[in-house]
Structures are given as C-alpha cells and as structure tokens.
Amino acid sequence: MSEVVRVLFIGGLGRSGTTLLERLLGQLPGTLPLGEVAHLWERDIRDDERCACGARFSMCEFWQRVGASAFGGWENVDLARVDALRATVDRTRHIPTLAAKKLSPVQHSLITEYAEFYQRVYAAASADAGGDRLIIDSSKHASLAYCLRWCPNVDLRVVHVVRDSRGVAYSWTKQVSRPETGGQAEMTRYSPTRSALLWNAQNAAFSMLGRRGVPVRRVRYEKLLADPRTVVERLAEFAGVELAPGDLRYIGEDYADLGPNHSAAGNPMRFSVGRIPLRRDEEWRAELPSSQRRLVRTLTAPLLNRYGYTTRPVEIPEEVEGPEAPAPAPPPLPTQSSPADSRPEPIGPVVMAPVSVGRE
C-alpha cells in the first residue's frame, strides 16, 4: 500500500467541534470521513466497539474490506507493536523532537513505521471507495499530525479547530456516555485547570506545525456555527475539493442534513443521521462558575488574545498557520500525564524531548 493518499487531518483539543466539522466536510463529493483513526486500534480492532453505521466493527462490511486490503485482515495487525510505537513517538511531549528539521536514523525509522499503519488504513479505505478519495481523519491529536508529516506517502493538510477555552473547559466537566459501548463507558472528563493546560498545548502545537511546511488552516468553532456553509466552502477549496453548484445544499442557515458514515470513533454525534440543528453551545456562560471562568481565562490568556476571543467583535479573519504567523507564547505545562500517556511501554532507548504534556 505504497501509493500516496490525500489526508485532511482535523486537529484541536476535544470538545471543540471537530466531529461536527468532520460530519459537514464528509458530505462533500470525493471525501471519505473515517472518524478518529487514532482510536481504531484499541476501540475497534481490540474491543469491537460500534462503527457509526451501527454495526460492531467486526460486522461492518466496510471496515472488514479495509482490513483485508490493508493488512490481509485485522487479525494480522500487531496491536502490541502499534501501542509500543505510539508510546515511543506519538505523544505531545515528543512534539519538540517531531518538529525538528531532521531526525536521527532510529527516530525516523520508528516514526515512519508507526505512520505507515495509518497510511495503510487510509489507502485501503480510499481504494474501497473507488480511489483518489480525500480521507478525513478527525483524530485531533497534534502529535499524530506531526508523525504523519514524516510519512512520504501521506499528502497531509490540517484543519486546526479552535473553540473558546472556557467553553471547552466546561464541556470537559460534563458527564457524557459513549453509546458505542452500550452505555457501559463514559467519555473522559477533565478539571477546568487540566483542560486549560491541554488547550494551550494542543493549540500552540498546531501553530508550530504550520511553520514546519504542513498546510494548516485555522477555523473557530464559533465561526463554523455562525456561517457553516461559507466555512465548509472555504475548507473545501483549502483541501482541493472542487465543488459544483448545489454541492452544499445539505447545509442550511441553522441545520445540516447528514447521511450515514463509517466513523471509527469520536463524539456520539457521529451516529446522528438526518437533519441536525446547527447552533452554538454557549451553556458554559451560565453554568461554568465565575471563579473557574477566570482561572481558565488566566491560564489561556495569550492564545485567547491571539485567536480574538478577548476582543469585540470576535469576527477576525481566519488564518493560515505558517512562517508569517507570530509564534504563540509558550503554554504552561501540566504537572501530570494524561491517562493515555501511562499505557504501553516505549520501544528501546530512543530519547525524545522531555516535555510532560500528555494527550487529551
């Protein structure tokens, strides 16, 4: 599976509208949304959770065809190897190394080996859908985008989704069940302090990625909900998707008509089919205690200012991250690792940059 595959990677901290954006972009002609492929290995292959089509992963004909084409069957994927590689290279703490202009031979070998697992999935999915599809991966994690940057067979573009840090912080405190587990598990929850620090780290990382030669377009959640058709149209142009008259008819002023999909993982709204309302979630303004709002604003102030959230009106132009953009202030770092950083042991003696920020 060595052919080059086009990938539109949707990045940002969770609870920022990334799944909604993937659903909207995934309705465009020539696109194929796969959900959060980062979780494919454990949630789908190992735990056999539900695809967005409603079927168990092992019973979804689409994903079984992809597995057969990419690996000769999912049973041939060495999940322990994937976990070990992920622990070694795919963590936010490793971004300073991943952002380098040159890697050591050992580091380069491990990163490209890891990225090839994803490239195989992307290429097989594209081929199953008729070939030359724009794959949409809403995995969000900046560290994975940095790993994919090193894969020669991935033509990578990134949409960096930003939402007001106070709204994100409130959303992370909410109790949300995961329907793909039959209600037996809930989505991860974070304290406002923890989510604020992760918000800093993830968003700063995507700004730096744009200065490493990867095309990055930043989009605000609030702008997406205010003018969804215009945002999707501009992102289609950014991603190289040619639109014909009528291709955006599924997006109204305050609704979208969504079809079925085969998202591997993500927010529960990936299961929604039919007409869904498009409205901003501003519940945090009334429900997040004022003391926590002030705390989150203080911790995230440099980037809040950069993204225009502390000025009125907030309607500043969306930006392309790149060499011309000023570097954001270094984010404060969490003092503990996230759950995802404590799972597998890394491979070998490779030393990556010792920054203690975990995945969300």
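We're numbering straight along the sequence, starting at 1.
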So, the side chain of [X] versus the backbone of [Y]: is there a donor-acceptor pair under 3.5 Å, distance only?
{"X": "Arg133", "Y": "Thr31", "result": "yes"}
{"X": "Gln119", "Y": "Thr112", "result": "no"}
{"X": "Arg120", "Y": "Phe117", "result": "no"}
{"X": "Ser263", "Y": "Ala265", "result": "yes"}
{"X": "Asp137", "Y": "Ser139", "result": "yes"}
{"X": "Asp48", "Y": "Ser58", "result": "yes"}
{"X": "Asp44", "Y": "Arg50", "result": "no"}
{"X": "His160", "Y": "Gly12", "result": "no"}
{"X": "Arg23", "Y": "Met269", "result": "yes"}
{"X": "Ser69", "Y": "Val66", "result": "no"}

Which atom names give the shortest non-hydrogen contact between [X] and [Y], and what distance separates them?
{"X": "Ala236", "Y": "Leu28", "answer": "CB-CD1, 3.8 Å"}
{"X": "Ala196", "Y": "Val296", "answer": "CB-CG1, 4.1 Å"}
{"X": "Pro215", "Y": "Phe238", "answer": "O-CZ, 3.6 Å"}
{"X": "Leu134", "Y": "Arg6", "answer": "N-NH2, 3.6 Å"}
{"X": "Ala125", "Y": "Phe62", "answer": "CB-CZ, 4.0 Å"}
{"X": "Arg15", "Y": "Arg163", "answer": "O-NH1, 2.9 Å"}

What verdict does the side chain to side chain contact (heavy atoms under 4.5 Å, CB included) test give for Trp150 and Tyr114, after you've listed the backbone C-alpha separation in whole Å, the side-chain angles of each residue and the deciding distance to 0.1 Å? CA-CA 10 Å; Trp150 290 100; Tyr114 177 68; over 6 Å; no

So do the side chains of [X] and [Y] get within less than 4.5 Å of each other, counting heavy atoms only?
{"X": "Tyr307", "Y": "Asn203", "result": "yes"}
{"X": "Trp199", "Y": "Ser165", "result": "yes"}
{"X": "Glu113", "Y": "Arg81", "result": "yes"}
{"X": "Ile111", "Y": "Leu98", "result": "yes"}
{"X": "Leu85", "Y": "Thr88", "result": "no"}
{"X": "Tyr146", "Y": "Met208", "result": "yes"}
{"X": "Cys60", "Y": "Arg56", "result": "no"}
{"X": "Val159", "Y": "Arg218", "result": "no"}

Could you tell me the separation between the [atom1] atom of [X] and the [atom2] atom of [Y], rounded to the nearest 0.5 Å?
{"X": "Leu32", "Y": "Ile135", "atom1": "CG", "atom2": "CD1", "answer": "4.0 Å"}
{"X": "Thr18", "Y": "Leu13", "atom1": "OG1", "atom2": "CG", "answer": "9.0 Å"}
{"X": "Ile136", "Y": "Glu22", "atom1": "CD1", "atom2": "CD", "answer": "6.5 Å"}
{"X": "Arg189", "Y": "Ser171", "atom1": "CZ", "atom2": "OG", "answer": "11.0 Å"}
{"X": "Arg166", "Y": "Leu288", "atom1": "CZ", "atom2": "CG", "answer": "9.5 Å"}
{"X": "Leu21", "Y": "Tyr221", "atom1": "CG", "atom2": "OH", "answer": "12.0 Å"}

[X] and [Y] ion-paired at < 4.0 Å:
{"X": "Asp128", "Y": "Arg65", "answer": "yes"}
{"X": "Arg275", "Y": "Asp257", "answer": "yes"}
{"X": "Arg229", "Y": "Glu233", "answer": "no"}
{"X": "Glu282", "Y": "Arg280", "answer": "yes"}
{"X": "Arg217", "Y": "Glu237", "answer": "no"}

Can [Y] be reached from [X] by stepping across I, L, V, M, F, W or Y side chains whose heavy atoms are under 4.5 Å apart?
{"X": "Leu34", "Y": "Met59", "answer": "no"}
{"X": "Ile276", "Y": "Val232", "answer": "yes"}
{"X": "Leu103", "Y": "Leu156", "answer": "yes"}
{"X": "Leu278", "Y": "Val161", "answer": "yes"}

Start with the C-alpha distance between Arg86 and Glu42, add both sets of side-chain angles, then the distance that settles salt bridge (charged side-chain N to carboxylate O under 4.0 Å, His left out), and finish with yes or no. CA-CA 12 Å; Arg86 178 166 47 191; Glu42 69 277 7; 3.4 Å; yes

Check Thr97, Leu144, Leu110 against Val89 for a side-chain contact (heavy atoms from CB on, under 4.5 Å) and give me the one that passes. Leu110

So among Leu25, Leu8, Ile10, which one has a side-chain contact (heavy atoms from CB on, under 4.5 Å) with Leu235? Leu25

For a side chain to side chain contact (heavy atoms under 4.5 Å, CB included) check, start with the C-alpha distance between Asn153 and Glu3, then their side-chain angles and the critical distance, and finish with the verdict. CA-CA 6 Å; Asn153 294 317; Glu3 63 268 27; over 6 Å; no

Could you label the plane-to-plane angle of the Trp74 and Phe71 rings as parallel, tilted or perpendicular, counting under 30° as parallel and over 60° as perpendicular?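 If you compare the ring of Trp74 with that of Phe71, the planes turn out tilted.
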
Mutual orientation of the aromatic rings belonging to His39 and His141 [parallel < 30°, tilted 30-60°, perpendicular > 60°]: perpendicular

Around [X], counting heavy atoms of other residues, nucleotides and ligands shown, do more than 12 lie under 6.0 Å from its [atom1]?
{"X": "Glu75", "atom1": "CD", "value": "yes"}
{"X": "Glu283", "atom1": "CD", "value": "yes"}
{"X": "Arg157", "atom1": "CZ", "value": "yes"}

Test log, rule side chain to side chain contact (heavy atoms under 4.5 Å, CB included), inputs Leu258 and Leu24: CA-CA 8 Å; Leu258 302 179; Leu24 294 176; 4.3 Å; yes

I'd like to know if the side chain of Thr310 pairs up with that of Asn305 as donor and acceptor (distance under 3.5 Å, no hydrogens or angles considered). yes

How far apart are the C-alpha atoms of Tyr309 and Glu222, what are their side-chain angles, what is the distance that settles it, and do they pass the side-chain hydrogen bond (donor to acceptor under 3.5 Å, both in side chains) test? CA-CA 10 Å; Tyr309 284 108; Glu222 295 79 7; 2.5 Å; yes

Set out, in order, the CA-CA distance, both residues' side-chain angles and the distance that settles side chain to side chain contact (heavy atoms under 4.5 Å, CB included) for Arg91 and His94, then state yes or no. CA-CA 5 Å; Arg91 288 292 181 267; His94 300 326; 3.7 Å; yes

Before giving the answer on ring pair (Phe, Tyr, Trp, His ring centres under 6.0 Å), spell out for Tyr118 and Trp41 the whole-Å C-alpha distance, their side-chain angles and the decisive distance to 0.1 Å. CA-CA 10 Å; Tyr118 289 85; Trp41 320 104; 5.5 Å; yes

Aromatic contact between Tyr190 and Trp172, with the criterion being ring centroids under 6.0 Å apart: yes or no?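 They qualify: ring centres under 6.0 Å apart.
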
